[in-house]
Amino acid sequence: MFVCVHNAGRSQMAAGFLTALSGGRVEVRSAGSAPAETLNPVAVEAMAEVGIDINAQRPKVLTAGAVEASDVVVTMGCGDACPFVPGVRYEDWELDDPAGQPIEKVREVRDDIRRRIEHLLTELLPT
């Protein structure tokens with residue numbers, strides 16, 4: 001599960017990468033502590049540049065049930081808004097917020113997320 005404040009940029013890009021790069025072998029969730037109305041259009045554009053379409057996704061509210069159903073929760077700047085569930089693995093990824101940023105900056109965030117997802121996949125699917 002990927003969690004950021006608005007669930008409109010970072011967490012949606014991470015979910016898109018994990019879905020695509022895992023070939024559907026990982027159940028992916030994303031949510032926000034204060035979800036936006038729509039996705040960040042620049043994040044959608046940046047992902048489309050690498051062949052991943054996240055345009056149909058919608059920001060979702062973070063729920064305790066979604067956290068409980070997850071094996072790994074990756075937070076991205078949501079602070080203490082994410083509920084703690086014993087037995088769930090947590091990681092905090094310090095990533096710049098792409099909101100209001102030009103495409104060049106969003107590409108940097110996107111590429112950083114991809115590297116982190118590739119590493120995470122080596123842990124989740126070691127074979």
Side-chain angles (χ1 to χ4, degrees):
M1 168 166 238
F2 298 101
V3 182
C4 67
V5 176
H6 300 296
N7 191 223
R10 295 169 288 190
S11 57
Q12 292 286 353
M13 289 191 288
F17 273 127
L18 186 55
T19 299
L21 297 175
S22 73
R25 294 178 292 164
V26 176
E27 184 179 342
V28 181
R29 296 178 185 86
S30 71
S33 55
E37 293 292 319
T38 61
L39 294 187
N40 176 339
V42 184
V44 172
E45 178 184 349
M47 292 299 286
E49 290 177 352
V50 295
I52 299 175
D53 183 3
I54 62 169
N55 194 48
Q57 300 302 314
R58 297 291 171 256
K60 295 168 280 309
V61 68
L62 175 64
T63 66
V67 173
E68 290 171 3
S70 300
D71 295 319
V72 179
V73 174
V74 177
T75 59
M76 304 171 180
C78 61
D80 296 332
C82 190
F84 177 78
V85 176
V88 173
R89 174 179 154 193
Y90 288 84
E91 289 189 23
D92 184 47
W93 291 357
E94 290 187 29
L95 297 162
D96 291 334
D97 188 347
Q101 299 296 321
I103 187 71
E104 297 80 17
K105 181 64 178 170
V106 176
R107 285 179 184 132
E108 290 175 14
V109 174
R110 175 202 66 201
D111 295 344
D112 189 6
I113 290 171
R114 181 181 188 129
R115 285 187 293 275
R116 292 170 189 250
I117 292 295
E118 289 170 343
H119 177 75
L120 181 61
L121 270 171
T122 65
E123 297 172 352
L124 297 176
L125 304 172
T127 56

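What you see below is based on every heavy atom in this structure, not just the backbone, and it leaves out hydrogens, waters and symmetry mates.
At least one side-chain heavy atom of Leu95 sits less than 4.5 Å from a side-chain heavy atom of Arg116. Arg114 places a side-chain heavy atom less than 4.5 Å from the side chain of Leu21. Using a 4.5 Å heavy-atom cutoff, the side chains of Met13 and Phe2 are not in contact. Side-chain contact check for Val3 versus Tyr90: every heavy-atom pair is 4.5 Å or farther apart. Residues Ser22 and Leu125 form a side-chain contact, since some pair of their non-hydrogen atoms from C-beta on lies under 4.5 Å apart. Ile117 places a side-chain heavy atom less than 4.5 Å from the side chain of Trp93. Looking only at side-chain heavy atoms (C-beta outward), Leu124 and Asp71 stay at 4.5 Å or farther from each other.
Using a cutoff of 4.0 Å between basic side-chain nitrogens and carboxylate oxygens, Arg115 and Glu118 are not scored as salt-bridged.
The distance from atom CG of Leu18 to atom OG of Ser11, rounded to the nearest 0.5 Å, is 12.5 Å. Atom CD1 in Ile113 sits 5.5 Å away from atom CE in Met76 (nearest 0.5 Å).
Between the side chain of Thr19 and the main chain of Gly16, no donor-acceptor pair closer than 3.5 Å is present.
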**Message:** Working note: Asp96 + Asp112, criterion side chain to side chain contact (heavy atoms under 4.5 Å, CB included); need CA distance, chi angles, decisive distance, verdict.
**Reply:** CA-CA 10 Å; Asp96 291 334; Asp112 189 6; over 6 Å; no
**Asked** Could you go step by step and tell me if Arg10 and Val109 meet the side chain to side chain contact (heavy atoms under 4.5 Å, CB included) rule?
**Response** CA-CA 8 Å; Arg10 295 169 288 190; Val109 174; 4.3 Å; yes
**Prompt:** What's the verdict on side chain to side chain contact (heavy atoms under 4.5 Å, CB included) for Val67 and Leu62, showing C-alpha distance, side-chain angles and the deciding distance?
**Reply:** CA-CA 8 Å; Val67 173; Leu62 175 64; 3.7 Å; yes
**Item:** From CA spacing to verdict: side chain to side chain contact (heavy atoms under 4.5 Å, CB included), Ile103, Glu49
**Value:** CA-CA 11 Å; Ile103 187 71; Glu49 290 177 352; 4.0 Å; yes
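Between Ile52 and Ala20, the shortest heavy-atom contact is CD1-CB, 3.8 Å. Annotation for Pro59 and Pro35: closest pair CB-CB, 3.9 Å, computed over non-hydrogen atoms. Between Ala15 and Ser30, the shortest heavy-atom distance links the atoms CB-CB, 4.1 Å.
With Asn7 as the partner, the side chain to side chain donor-acceptor pair (under 3.5 Å) test is satisfied by one option alone out of Arg58, Gln57, Gln12: Gln12.
Note on Val61: it does not cluster hydrophobically with Val28, by side-chain heavy-atom contacts below 4.5 Å among ILVMFWY residues.
Listed by first then second residue, pairs satisfying salt bridge (charged side-chain N to carboxylate O under 4.0 Å, His left out) with a partner in residues 21-48 read Glu27-Arg29, not counting sequence neighbours.
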